[in-house]
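Just follow the structure's listing: the first ligand is 1, and inside any ligand the first atom is 1.
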Amino acid sequence: MAKQLRKPRPTGLVLGVNLGKSRTTPLESAAEEYAELFRWFAPLADYLAINVSSPNTIGLRSLQARQELEVLLGELARQRREFGRIVPILVKLSPDLTDAELEGALDAILSSGMDGVIATNTSVERSGVRSTLAAESGGLSGAPLRLRSTNLVRRIHQLTNGSLPIVGVGGVMDASDAREKLEAGACLVQIYTALVYHGPAVVQRILREL
Ligand SMILES: Cc1cc2nc3c(=O)[nH]c(=O)nc-3n(C[C@H](O)[C@H](O)[C@H](O)COP(=O)(O)O)c2cc1C
């Protein structure tokens, strides 16, 4: 990936790189591994996203707990000071956090000087999903996730008094979904599943209609 990213890129393109620990790396070594990933990708990215919220890597989400997150983000803050250039770091959160867990995670994010959050990753919840595939394990994305993600964006905005930049993501399929995230307090919006259903043209359509 680093080799690809060293190639020339279109001017004006803002590139974020999402870092997550490997499935086989024990949680005790997670901070070390994220630090190594930081050293690889900080020189190549405009911002870094710290994925501690994918349900598809066993145990990963436990890194969102206040203490674990303080250790991890403290190490990343240290790496960033040594690196010298202030690469923005955004922490990506799960929609399945309880309010108490969210407060703990936000404390760790603010006290370590991180630049914002990405809300949210996929969910293990299946409420409202009627498909026979609802019992499958793994993260749920797309339309059934939309409100859950928006509610977390709104809660983060409330808890931080709007002081922490929020990237809203989860079930954004059209302009009105994007507007919902912005009205809940997001300052940027990401899409993923919409690209599968509507192709890359969906980006222009959303921007035109916003
Ligand atoms: C197949 C698939 C792979 C994903 N891989 C990652 C990942 O590696 N890291 C991450 O932080 N989020 C990952 N996500 C989560 C998405 O980036 C996004 O946060 C989530 O799907 C909600 O947005 P959406 O409803 O627009 O898809 C993945 C989602 C899907 C569906």
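- Residue pairs meeting the salt bridge (Lys or Arg N to Asp or Glu O under 4.0 Å) criterion with at least one member in residues 161-179, sequence neighbours excluded: Arg146-Asp177.
- Considering only residues two or more places apart in sequence or on other chains, Glu75 meets the salt bridge (charged side-chain N to carboxylate O under 4.0 Å, His left out) condition with Arg78.
- Note that the CG atom of Leu97 and the OG1 atom of Thr120 stand 9.5 Å from one another [nearest 0.5 Å].
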Could you list each N/O atom of ligand 1 together with any protein N/O atom closer than 3.5 Å, one pair per line with the distance?
from, atom 1, to, atom 2, distance (Å)
ligand 1, 9 (N), Asn18, OD1, 3.4
ligand 1, 9 (N), Asn51, ND2, 3.2
ligand 1, 11 (O), Asn18, ND2, 2.8
ligand 1, 11 (O), Asn51, ND2, 3.4
ligand 1, 11 (O), Lys92, NZ, 3.1
ligand 1, 11 (O), Asn121, ND2, 3.4
ligand 1, 12 (N), Lys92, NZ, 3.0
ligand 1, 17 (O), Lys92, NZ, 2.8
ligand 1, 19 (O), Lys92, NZ, 3.0
ligand 1, 19 (O), Thr120, O, 2.9
ligand 1, 25 (O), Gly142, N, 2.8
ligand 1, 25 (O), Gly171, N, 2.7
ligand 1, 26 (O), Tyr192, N, 3.1
ligand 1, 26 (O), Thr193, N, 3.4
ligand 1, 27 (O), Thr193, N, 3.0
ligand 1, 27 (O), Thr193, OG1, 2.5

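- The side chain to side chain contact (heavy atoms under 4.5 Å, CB included) test with Leu60 is passed by exactly one of Asn51, Leu27, Thr25, Asn121: Asn51.
- With rounding to the nearest 0.5 Å, the separation of OG in Ser149 from CG in Leu152 is 7.5 Å.
- Sorted by first then second residue, the side chain to side chain donor-acceptor pair (under 3.5 Å) pairs that include residues 110-119, not counting sequence neighbours, are Arg80-Asp115.
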